[in-house]
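A quick note: this is a predicted structure, and the numbers were derived from the prediction, not measured. Each ligand, and each atom within it, is numbered from 1 in the order the structure gives.
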Amino acid sequence: MTNQSSAVKFYSGEQIPLELHKVRIVQKLFLRPIEERKVAVEEAGFNTFLLNTKDIFLDMLTDSGTNAMSDNQVSSMLQADDAYAGSQSFYRMEEAAREVFGKHYVLPVHQGRAAENIVSQVFIKKGEVIPMNYHFTTTKEHMELNGGKVLEIYKDDALDIKSTKPFKGNIDIDKLKAVFEKYGKDKVAFVRMEASTNLIGGQPFSMQNMRDVKAICDQNDTMMVLDASLIGENAYFIKQREEEFKNAEIKDILLEMCGYADLVYFSSRKVSSTRGGGILTNSKDLYLKMRDLLVLYEGFLTYGGMSVREIEAMAVGLKETCDDTVISQSPSFIKYAVDNLDKAGVPVITPAGALGCHIDAMGFLPHVPQQEYPAGALASALYIISGIRGMERGTISSVRDENGDDVLADVELLRLAFPRRVFTLSQTMFVVDRVKWLFDNRELVGGLQWIEEPPLLRFFMGRLEAIGDWPEKLMAKFKEDFGDSL
Ligand SMILES: *Cc1c(COP(=O)(O)O)cnc(C)c1O
């Protein structure tokens, strides 16, 4: 029996996402006056990563470590077993991970990128290529640090903003075959598939695509690695959008997905609404190759850099990932926001995916050249007029080439993340309302330029400034339209 908000019909006929939980612990939020928000963003160097949450109303930066935990997760933390080695907490988590992912060997790590560090060090040799549907920021850095080259072989139409394609996260099978022909199987370190492809709008791949990719990996004796950080939502979309699975249980979909992968890794900050991460495999040989590095970088095999309390909550959270009422929440709220913004003419990625609502900043601010970082400018502008914090996912999040030139991103996105079960419908309506206002006043928003640019992962720590006085003009128009309203 499905138990998800899309299964509830309202008498009015409207399609409204329904919270399938009650709120029992709350945190007070502050919505500061616009003058204070403008000062806060200037002090943060127009980089939303550098804002302090005391100045933020709705924090939609990320779903990483910000999903709401369940009562069962919080209570499990009380029974945590403190031990350097052999903690019972670990064995409970190991059992849950085996059950959910169907893999026997479980290596705990402190977060997703730690898994990427180990997988990249062990399985990538200099000069090898790694074909994938799309990269994730930290994934790519780790692979390149180990001498690998990332090849993105998504379908030609995967980056179309407006689309009705249900599985834009698919790998293009012809391109995958061409990679093996061009480089030869010995030069392909492994093939990577990322569930709910993060950087292109949380777009899922289909089970059929996994089967096709797996067949080609098998023909070439090459491993398939699954980044399962957002696997719950990908499984939910497979159930929603792939005919064969419409009556399947989420847990069976997850098991089939993981079954095609030789190695699965994940960030628990996403998948189990906790902190931490893990690497899983059924191969003793692969396990032994990674084990020693795990102890070197993360800690002993039964804690991997995590606290035992987190490990307990992870055990419960992994099992809850198989629950429709848990994993349907974020996608149904995202769909509400995306459909309403789309109706109002705001350029957003369609169809709605996982993780968040993704606004196309080049479509929103066509007058801001890509060299002036439209997605970063849009993130700052939205914060100024609403106190909503989103994340730039565009050129600022990419890396300069060997000549020091900016590599213009394929897409310039402002991502408004919807952490699981954190925001209510009225807060979601506020987001839609303020984005619509900003869209109607978009010509007031200008670009950004660097004042401090770190060489590595500059989007985390770099500082920029507004080109011209557009923040003042935007604030003046806001006050004209809203008067004293926050
Ligand atoms: C977040 C994320 C990671 C990195 O995980 P962290 O826990 O943030 O280090 C890797 N891959 C994907 C797809 C992610 O979404």
Side-chain angles (χ1 to χ4, degrees), residues 49 60-67 97 101 107-121 130 132-145 150 152 154 158 168-171 190-205 210 224-235 237 257-258 261 263-280 294 297-299 304-307 310-311 313-314 317-318 321 327 330-331 334 353-356 358 391-393 397 413 415-420 456-457 459-461:
F49 275 100
M60 308 184 90
L61 185 76
T62 176
D63 60 334
S64 178
T66 57
N67 292 326
F101 297 108
L107 292 162
V109 294
H110 80 275
Q111 63 183 86
R113 70 200 64 186
E116 293 169 341
N117 173 34
I118 290 169
V119 170
S120 300
Q121 285 207 35
I130 311 99
M132 60 183 67
N133 46 357
Y134 207 77
H135 78 278
F136 182 72
T137 49
T138 53
T139 320
K140 187 170 177 177
E141 294 274 354
H142 278 297
M143 292 180 166
E144 288 178 352
L145 282 173
V150 167
E152 288 162 334
Y154 48 83
K168 292 201 284 185
N170 279 355
I171 279 185
F190 52 83
V191 177
R192 172 178 176 274
M193 289 193 87
E194 181 181 307
S196 303
T197 327
N198 191 325
L199 295 192
I200 61 167
Q203 299 293 317
F205 54 69
M210 268 204 106
M224 195 215 279
V225 174
L226 172 63
D227 182 332
S229 304
L230 296 167
I231 195 171
E233 283 76 7
N234 201 128
F237 288 122
M257 290 170 83
C258 294
L263 202 146
V264 177
Y265 74 83
F266 59 91
S267 164
S268 264
R269 300 178 64 83
K270 329 267 169 69
V271 75
S272 62
S273 307
T274 52
R275 255 49 79 197
I279 312 173
L280 306 131
L294 187 95
Y297 283 105
E298 299 299 300
M306 285 182 274
S307 85
E310 292 293 348
I311 293 173
M314 199 173 146
L318 287 175
T321 293
I327 56 151
S330 171
I334 292 165
L355 215 168
H358 297 75
M391 189 192 288
E392 191 267 4
R393 295 272 83 160
S397 299
L413 302 177
R415 185 184 80 189
L416 302 175
F418 279 76
R420 287 181 191 160
L456 202 65
L457 295 173
F459 64 93
F460 279 134
M461 274 94 63

Check: Side chain or backbone of Arg269 under 4.0 Å from ligand 1, or both, or neither, by non-hydrogen atoms?
Finding: side chain

Checklist line | Under-4.0 Å heavy-atom contact with ligand 1, by part of Glu194 that carries it | finding: side chain

Notebook entry, point to check: Looking only at heavy atoms of Glu116, does any of them come nearer than 4.0 Å to an atom of ligand 1?
Noted result: yes

Item checked: Contacting atoms of ligand 1, where contact means under 4.0 angstrom from a heavy atom of Asp227 -> 10 (C), 11 (N), 12 (C), 13 (C)

Next item on the list: Give the numbers and elements of all ligand 1 atoms closer than 4.0 Å to a heavy atom of Lys270.
Entry: 1 (C), 2 (C), 3 (C), 14 (C), 15 (O)

Next item on the list: Taking the side chain as every heavy atom from C-beta outward, state whether Asp227 and Glu116 have any atom pair closer than 4.5 Å.
Entry: yes

Next item on the list: Would you check whether Tyr265 has a nitrogen or oxygen atom less than 3.5 angstrom from a nitrogen or oxygen atom of ligand 1?
Entry: no

Item checked: Closest heavy-atom pair and its distance - Phe459, Phe49 -> O-CD1, 3.3 Å

Margin query: Side chain or backbone, does Gly112 bring an N or O within less than 3.5 Å of an N or O on ligand 1?
Written below: yes

Item checked: Residues forming a side chain to side chain donor-acceptor pair (under 3.5 Å) with His142, sequence neighbours excluded -> none

Checklist line | Proximal ligand 1 atoms for Arg113, defined as those under 4.0 Å from one of its heavy atoms | finding: 4 (C), 5 (O), 6 (P), 8 (O), 9 (O)

Next item on the list: State, yes or no, whether a side-chain contact exists between Tyr265 and Arg192 at a heavy-atom distance under 4.5 Å.
Entry: yes

Next item on the list: Using the test salt bridge (Lys or Arg N to Asp or Glu O under 4.0 Å), find all partners of Glu233 that sit at least two apart in sequence or belong to another chain.
Entry: Arg420

